[in-house]
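Please read the structure below before turning to the comments.
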Amino acid sequence: MHNIYALMKNHLVAHILNRVADYMELRGDEFRTKAYRRAARTVEFLGEDIEDVAAQGRLRELPGIGENIAAKIEEILSTGSLSLLERLAGEYPVDLDSLLSVEGVGPKTVKLLYEELGIKTLDDLEEQARRHRIRRLRGMGEKKEAMILRNIELARSRISRRPLAYVVPLASRIKSELLELEGVRRVEVAGSIRRGRETVGDIDILVTATDPHRVMDHFTSMDLVEEVVVKGPKKSTVRLREGLDCDLRVFDDEVFGAALLYFTGSWEFNVELRRIAISSSMKLSEYGLFRGDERVAGRTEAEVLEALGLTYIEPELRENRGEVAAAAEGKLPDLVNLSDIRGDLHMHTLFSDGIDAMEYMAEYASILGREYIAFTDHARYIDDVDAYLRAAERIEDVEVLAGVEVNILYDGSLEVPDKILQDFDLVVASIHDPGNITERLLRAMEHDPVDIIGHPTGRVLGSPDPLVDMERVVERASELGVALEVNSNPLRLDLRDTHVRMAVDAGCRIAINSDAHSRGALENIRWGVITARRGWAEPDDVINTMGIRKLRRWLGN
DNA sequence: GCCGTTTTCGGCCCGACTGTTTTCAGTCG
């Protein structure tokens, strides 16, 4: 279904359509803006090659794509660009991306700034603001000018999304601080944190409280707060010292479920729910599900979903990737939980580049409730295999598999002969340098001793994903009975969610491992579980939910 | 520009907040 080249073409088309939407918005053409945005989203989230769809004449079957936009997509696919976009860009020759990235500046303001002051770039904007030219414009004033000046700095130094694992502790701290306030009944972290997205742009928190003003006062004066962006009785936004924004909203108990649903998103998921509501002559908002003026649901998420004819949908699934249709048919997966994880099959100790001894790793793993673990030190560090195996054998806190992590070389061969690998209970094969990933993985899996492919694509958050034809990898892994790893290192999360979904659909097993290099990092497995859940994985898809006996049989030892 | 067990024309999510106004436009989520 997915392959990387398709996604690249899809991305190009979506990008250009979004660009057109920006200009339409600038022109004030509200409805064409929406039409182009919707079409862009459709293409971006389409799970197949847009070129195939075009070749088969099916473009117009896609939601939000009609005669006109279909023709535009054809043009983009055949020429790589769009004449309409060039015309629009000529009409307003401004650096749209930069200007729109200034908080508080939208398309209407960009238009005004360009037409009145000829502002095209961030530098132009800064200069005119410093010269107090902005405040003279209609609808502007001293405060707006000062705000723009402040936010230009932020736009320039904008820190992009943070890893989930970095933001969760921050959100938890705010949550517990709010929970201590008198009259606060409920506090929930919503947004992309609740959905478990691998990176997070801001923190969304919802509360119910008897005295909203008091909550807002406390929230906006927390130690963590750098600056109050907005403050009202129902909604406040602060910029935290860590550099990201945090929103707080207060709701009544009767609508808390609807609000939680709404502010958990995703946006695409919400659109889908609203569509269902409308088709049943109802209206869904953060204040509940309404038929006419009567609220038919709102107290809990489950209540709202049920009233829409849907079973409960776990937050990790709410990305409009088919979960709504599955919920309508009662066919959602029974997702894997952290408590289903019985062992950890990838970790390092003092025998290679880990910082803790086998004993300490085992002790802590046991505290975390793991029934078994596999030591998988790097093969090149293990010069005395027997000593390594004996050391692993002496561990008592948990069942131990004496494993090894072996490098996949550039030609797809392994750095250690199969004959030696056979002495280990478990072999994780992984790539640690870029290039030729697909072919190397396919070749490495052919080696009989290999049980698991570690961090298959080698991607690291913040860098572009390496090119991998995951469809082929997943298919071959499934045939050969090799498991693909979900590496739980919060900067890897590799396989990523969409790849997990491909693996699960293909019947390929996955292993959710910590790849810990220290005791503490054993806890990282929670991030891998979230990623697997986002990929629709059930316990049976995951080899380390098996008991040790069953796992040993699966491994063939 | 798209779309239809409300419609082939007339809608398109909508509420909160701010700064600018003197009743509202723009932005954000």
Side-chain angles (χ1 to χ4, degrees), chain A residues 17 20-42 59-73 84 88 99-113 134-148 150-151 190-192 200-206 212 216 220 228-239 245-251 255 258-259 261-292:
Chain A
L17 293 178
V20 172
D22 286 337
Y23 283 109
M24 291 296 174
E25 197 165 4
L26 199 136
R27 283 175 141 195
D29 193 338
E30 188 186 343
F31 299 115
R32 276 190 187 78
T33 301
K34 279 179 182 152
Y36 276 99
R37 288 244 192 272
R38 178 159 181 233
R41 238 174 257 118
T42 294
L59 282 177
R60 294 198 53 189
E61 293 170 20
L62 302 176
I65 294 177
E67 190 180 359
N68 201 306
I69 293 186
K72 303 247 186 327
I73 293 175
L84 169 68
L88 291 167
L99 293 173
L100 291 177
S101 71
V102 178
E103 183 105 3
V105 173
K108 294 283 158 51
T109 310
V110 169
K111 180 179 170 119
L112 180 74
L113 292 170
I134 309 284
R135 63 177 66 175
R136 299 184 201 161
L137 300 178
R138 182 179 175 74
M140 297 287 160
E142 273 184 55
K143 284 194 176 179
K144 270 246 167 93
E145 189 177 79
M147 177 202 72
I148 285 173
R150 229 176 32 245
N151 287 342
S192 53
V200 173
D202 62 2
I203 303 176
D204 289 302
I205 299 179
L206 308 185
M216 289 306 185
T220 52
V228 179
V229 181
V230 295
K231 183 181 178 188
K234 295 188 169 175
K235 181 202 162 179
S236 295
T237 301
V238 297
R239 183 155 298 132
D245 286 357
C246 180
D247 285 355
L248 182 72
R249 290 182 172 81
V250 182
F251 287 94
V255 305
L261 197 60
Y262 184 88
F263 287 104
T264 296
S266 63
W267 195 88
E268 289 79 8
F269 172 81
N270 286 349
V271 168
E272 194 60 29
L273 290 194
R274 263 183 253 124
R275 195 162 290 157
I276 291 177
I278 290 166
S279 74
S280 316
S281 310
M282 295 190 283
K283 198 189 85 165
L284 179 63
S285 75
E286 62 266 50
Y287 295 106
L289 181 65
F290 295 88
R291 176 169 277 124

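Chain letters run A, B, ... following the sequence lines, proteins first, then strands; residues in each count from 1. Please read all numbers here as calculations on a predicted model, not as lab measurements.
Both distances falling under 3.5 Å, in either a Watson-Crick or a G-U wobble arrangement, place dC12(B) opposite dG1(B).
Side-chain contact between K231(A) and M216(A) is present, with heavy atoms from C-beta onward closer than 4.5 Å. Two residues are said to be in side-chain contact when any heavy atoms from C-beta on lie closer than 4.5 Å; D22(A) and R37(A) meet this criterion. Side-chain contact between P107(A) and L100(A) is present, with at least one heavy-atom pair separated by less than 4.5 Å. For the pair M140(A)/R135(A), no side-chain contact is recorded, criterion being any heavy-atom separation below 4.5 Å from C-beta on. A 4.5 Å side-chain heavy-atom check between Y262(A) and R274(A) finds at least one atom pair inside the cut-off.
Taking atom C1' in both dG29(B) and dT23(B), one finds a spacing of 25 Å when rounded to whole Å. Using atom C1' as the reference point in both dT5(B) and dG1(B), the two lie 24 Å apart (nearest Å). Taking atom P on both dA16(B) and dT22(B), the two are 25 Å apart, rounded to the nearest angstrom. Going from the C1' atom of dG26(B) to that of dT20(B) covers 10 Å, rounded to whole Å. A gap of 24 Å separates the P atoms of dC12(B) and dC17(B), to the nearest Å. Between dC9(B) and dC14(B), the two C1' atoms lie 24 Å apart (nearest whole Å). Using atom P as the reference point in both dT6(B) and dC2(B), the two lie 23 Å apart (nearest Å). Remark: the separation of the P atoms in dC13(B) and dC24(B) is 22 Å, to the nearest Å.
Distance, K143(A) NZ to dT20(B) C1': 10 Å, rounded to whole Å. Atom-to-atom, CG of D245(A) to C1' of dC28(B) comes out at 11 Å; the value is rounded to the nearest Å. Separating the NZ atom of K283(A) from the P atom of dC14(B) is a distance of 6 Å, rounded to the nearest angstrom. When rounded to the nearest whole Å, the span between CG of D247(A) and C1' of dG15(B) equals 14 Å. Taking atom CZ of F290(A) as the reference point, atom P of dC14(B) lies 12 Å away to the nearest angstrom. Going from atom CG of L113(A) over to atom C1' of dT27(B) covers 14 Å, rounded to whole Å. Spacing between atom CZ of F251(A) and atom C1' of dC14(B) amounts to 12 Å, rounded to whole angstrom units. Rounded to an integer number of Å, the gap from R239(A) CZ to dG29(B) C1' is 15 Å.
Both R249(A) and M140(A) lie near DNA chain B, and the one whose nearest nucleotide falls closer to the 5' end is M140(A). Sequence order on DNA chain B of the closest nucleotides to M216(A) and G104(A) puts M216(A) first from the 5' end.
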Just do the side chain to side chain contact (heavy atoms under 4.5 Å, CB included) check on D247(A) and I205(A) with the steps written out, would you? CA-CA 6 Å; D247(A) 285 355; I205(A) 299 179; over 6 Å; no
Can V238(A) and D245(A) be said to form a side chain to side chain contact (heavy atoms under 4.5 Å, CB included), step by step? CA-CA 6 Å; V238(A) 297; D245(A) 286 357; over 6 Å; no
Footprint string (nucleotides 1-10 of chain B, 5' to 3'): B base within contact, S backbone only, - free, heavy atoms under 4.0 Å: BSS--S----
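D29(A) has no carboxylate O lying under 4.0 Å from a charged side-chain N of K34(A), or vice versa, which leaves the two without a salt bridge.
Backbone-only contact: E142(A) has heavy atoms under 4.0 Å from sugar-phosphate atoms and none from a base. Among the protein residues, V105(A) comes within range of the sugar-phosphate backbone only, with heavy atoms under 4.0 Å from sugar or phosphate atoms but none that close to a base.
Comparing dC13(B), dC28(B), dT27(B) against the side chain of W267(A) picks out dC13(B) as the nearest.
Regarding contacts with the backbone of dT27(B), a side-chain N or O of T109(A) is found under 4.0 angstrom from either OP1 or OP2. OP1 and OP2 of dG19(B) both lie 4.0 Å or more from every side-chain N or O belonging to K144(A). Distances shorter than 4.0 Å separate none of the side-chain N or O atoms of Y287(A) from OP1 or OP2 on dC13(B).
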Can I get a per-line list of side-chain donor-acceptor pairs under 3.5 Å for residues 278-290 of chain A, giving both atom names and the distance, sequence neighbours left out?
unit_1: S279(A); atom_1: OG; unit_2: I276(A); atom_2: O; d: 2.8
unit_1: S280(A); atom_1: OG; unit_2: I276(A); atom_2: O; d: 3.1
unit_1: S285(A); atom_1: OG; unit_2: Y287(A); atom_2: N; d: 3.0

